[in-house]
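Counting starts at 1 for both ligands and their atoms, in listed order. The structure presented is a predicted model; accordingly, all values stated were derived computationally and were not measured.
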Amino acid sequence: MKLKDLDVRKKIILANFMMIVIPVLIIVLVMIGILIGILTGAGSSVTIAATSKWAGETTNYQLQLMIDSLSEDLVENKNVFREGSTLLEICSELEAMGVHIAISDGTGTRYISPGVSPGELEAQANALHADGSPSFVRTQEGFACRTVTESENGVFSIVAAAPGFAYPAGEYYAYDSLKAHLKVILVTVGAAAIIIIIFTGSYLSKRLSRSILAPVRKLGEATAAVRGGNLDRPVGYTSGDELGQVCALFDEMRLRLKESKQAEQRYEQQRKQMIAGISHDLSTPITTIKGYVSGILDGIADTPEKKEHYLRTIYGRACDMEQMVDSLFLFSKLDLDEEPFRMERVDLVAYFEDYFAEMRKPVGVKSGFHPGTCRSAPVLIDRLQFDRVIANLADNSIKYRRGDSCLLELWLSCTENEVVLEWKDDGIGIAGGEAEKIFESFYRTDPARGNAAKGSGLGLSIARRIVERMGGYISARARRSGGLCITITLPMAKGEV
Ligand code: ADP
């Protein structure tokens, strides 16, 4: 998982954690470096270096260090008493300060400082109260020390004594010097820590703020674009964190807004088209009626036959208008969801068998019903409304036939959940791009709307609303062989018919 995809809460926690961990790690490394620097100089050379006096005095620490070095040497090396060994070197350093040393093991005295006997040294040590073992005594009377060292090379006892080796007045110098060293170390480490913390903190905060501010800025720009009416500009930020999710949601919202704006524009277009359609389709019969009525009033229809012809024409146009107003009323009731639907279970195989048996067709119109593999096709429909849909399809197939003859067929197919009806005719058909448009209210493929009596353009839009209210959908396609195919899909009703 990329750092970019971490959620903001985790990013903040991680950044804070790193702000602490990175400096601590670096400081620990620096400290280890300092310690290694101090410790790698270890060994006798350091011990010997430590014997150089602090402010002209030998400190207890130095004495202790030197005696410890003798013990270490006895443990670590075998031939410690050979000429030029570190042990003898340290002994001579001590002797140069006035300290006498005796080293003995189980076999007897192995080393004794020149000018003193083991017995004298014992007595001097005892006189200075270094009479237990181990002990380290430093008083104004002198210095004495005893240690016992056990090793693979044997058990060694070291006795050292220096009467008159007074407790130095300047012992604290060592402490002061240590303090000075510590000060330098602390100031160095402290300064390094502050610099490291500042750099790590500012680097991590910059990265954190960049990862938060970048999407916020992009979101701001996208919002400004939407406010300015541009619904095509995406935010352009993808990531798995919360801000990425907000940006994705914003994009989704923008697309929905775009869709609803387009739907609104379509709706507005349809509304204009509908008003134009109504006014056109009503004005044509009104003009006809007016013309024929004035013909009667002006005495143009001067024979009973003419009068009857005029009156029948007026009656016919009035019927057309009534039909159109009825369709319009049904259309608006369906639109407002005010048309009641009484759903019942109907087997479409039986329904269409009856329908085609009873169908009244003009001369030249042939029909065929093909139930396919459907032995029964149970659906939940409002029978009256469904009759309307089928009547409209049949009317259209007859109205838009080629010449006088036509073949209209209904094919059924059943799946586990759906019943699919395909209403096919071999009429004049529609152009490829009109398959959706013919379901719009008042749409007619005849752009001049020449023959209003032929149809109002409301039939298929009413059919779509009815089918959708029954849980199905309806579509159209131009047939390759000419003619139109209307497909209605309805959900299969569960259970026995
Ligand atoms: P109308 O009352 O005009 O028939 P419809 O809504 O039923 O209204 O149909 C809309 C338009 O679709 C029609 O005007 C016609 O141009 C076209 N149309 C519908 N059915 C057919 C068909 N079977 N063959 C060719 N065109 C059709």
Side-chain angles (χ1 to χ4, degrees), residues 266 269-271 273-285 316-317 319-335 339 355-356 359 361-362 364-369 385-411 421-469 473-488:
R266 261 200 318 272
Q269 181 62 26
Q270 278 174 18
R271 200 182 60 84
Q273 202 173 311
M274 190 166 156
I275 292 170
I278 295 171
S279 28
H280 178 275
D281 290 359
L282 283 179
S283 71
T284 312
R317 295 292 88 84
C319 287
D320 287 347
M321 281 168 64
E322 187 189 30
Q323 203 182 357
M324 195 189 143
V325 170
D326 284 350
S327 298
L328 207 55
F329 188 49
L330 175 65
F331 175 81
S332 76
K333 277 206 292 185
L334 284 166
D335 223 20
E339 177 72 2
Y355 177 82
F356 282 102
M359 186 179 184
K361 298 165 283 196
V365 175
K366 289 190 191 124
S367 64
F369 171 51
Q385 304 292 359
F386 192 69
D387 287 351
R388 257 191 196 132
V389 174
I390 300 303
N392 180 253
L393 297 187
D395 267 6
N396 283 349
S397 292
I398 293 166
K399 266 193 303 192
Y400 305 110
R401 66 182 184 267
R402 235 187 271 265
D404 287 336
S405 63
C406 99
L407 170 65
L408 54 94
E409 292 173 295
L410 179 70
W411 295 79
L421 288 76
E422 284 188 311
W423 183 282
K424 296 179 181 173
D425 65 38
D426 58 355
I428 58 170
I430 53 167
E434 289 180 316
E436 248 323 280
K437 289 190 179 149
I438 58 173
F439 293 99
E440 288 173 11
S441 47
F442 288 97
Y443 183 81
R444 286 206 225 124
T445 49
D446 161 24
R449 308 183 64 81
N451 192 353
K454 228 180 173 187
S456 60
L458 279 171
L460 285 178
S461 57
I462 289 176
R464 173 165 271 180
R465 278 167 176 75
I466 292 175
V467 171
E468 284 175 356
R469 274 288 300 274
Y473 41 96
I474 183 169
S475 61
R477 69 179 162 83
R479 294 180 71 192
R480 244 184 262 149
S481 56
L484 187 73
C485 173
I486 300 274
T487 307
I488 297 177

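- Looking at heavy atoms from C-beta onward, T284 lies out of side-chain contact with D320 at the 4.5 angstrom threshold.
- Looking at ligand 1, you'll find an N or O of N396 within less than 3.5 Å of one of its N or O atoms.
- Of the candidates I438, I430, D281, L484, it is I438 that places a heavy atom closest to atom 12 (O) of ligand 1.
- Scanning G427, S441, G457, S397 for the heavy atom closest to atom 8 (O) of ligand 1 points to G457.
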After noting the C-alpha distance and the side-chain angles of R464 and E436, does the key distance pass the salt bridge (charged side-chain N to carboxylate O under 4.0 Å, His left out) rule? CA-CA 11 Å; R464 173 165 271 180; E436 248 323 280; 3.0 Å; yes

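- Ligand 1 has no nitrogen or oxygen under 3.5 angstrom from a nitrogen or oxygen of I428.
- Using a 4.0 Å cut-off between heavy atoms, D395 makes no contact with ligand 1 at all.
- Interface atoms of ligand 1 facing L460, defined by a heavy-atom separation under 4.0 Å, are 5 (P), 6 (O), 7 (O), 9 (O), 19 (C).
- Neither the backbone nor the side chain of I486 comes within contact range of ligand 1; no heavy atom lies under 4.0 Å.
- Listed by number with element, the atoms of ligand 1 under 4.0 Å from a non-hydrogen atom of N392 are 7 (O).
- Using a non-hydrogen distance threshold of 4.0 Å, E434 does not register as a contact of ligand 1.
- Atoms of ligand 1 found under 4.0 Å from any heavy atom of L458 (numbered from 1 in listed order, with element): 6 (O), 8 (O).
- Q323 CD: 12 or fewer foreign heavy atoms inside a 6.0 Å radius.
- Take R469 and apply the side-chain contact (heavy atoms from CB on, under 4.5 Å) test, not counting sequence neighbours, and it matches D337, F341.
- Ligand 1 places these atoms under 4.0 Å from at least one heavy atom of K399: 1 (P), 2 (O), 4 (O).
- The ligand atoms of ligand 1 that sit less than 4.0 angstrom from a heavy atom of D425 are 22 (C), 23 (N).
- With 3.5 Å as the limit, one finds a donor-acceptor pair spanning the side chains of Q385 and E339.
- Atom CD1 of I466 is separated from atom CD1 of I474 by 9.5 Å, given to the nearest 0.5 angstrom.
- Using a 4.5 Å cut-off on side-chain heavy atoms (C-beta onward), R388 and L330 make contact.
- In this structure, the side-chain contact (heavy atoms from CB on, under 4.5 Å) partners of D335, at least two apart in sequence or on a different chain, are F331, R465.
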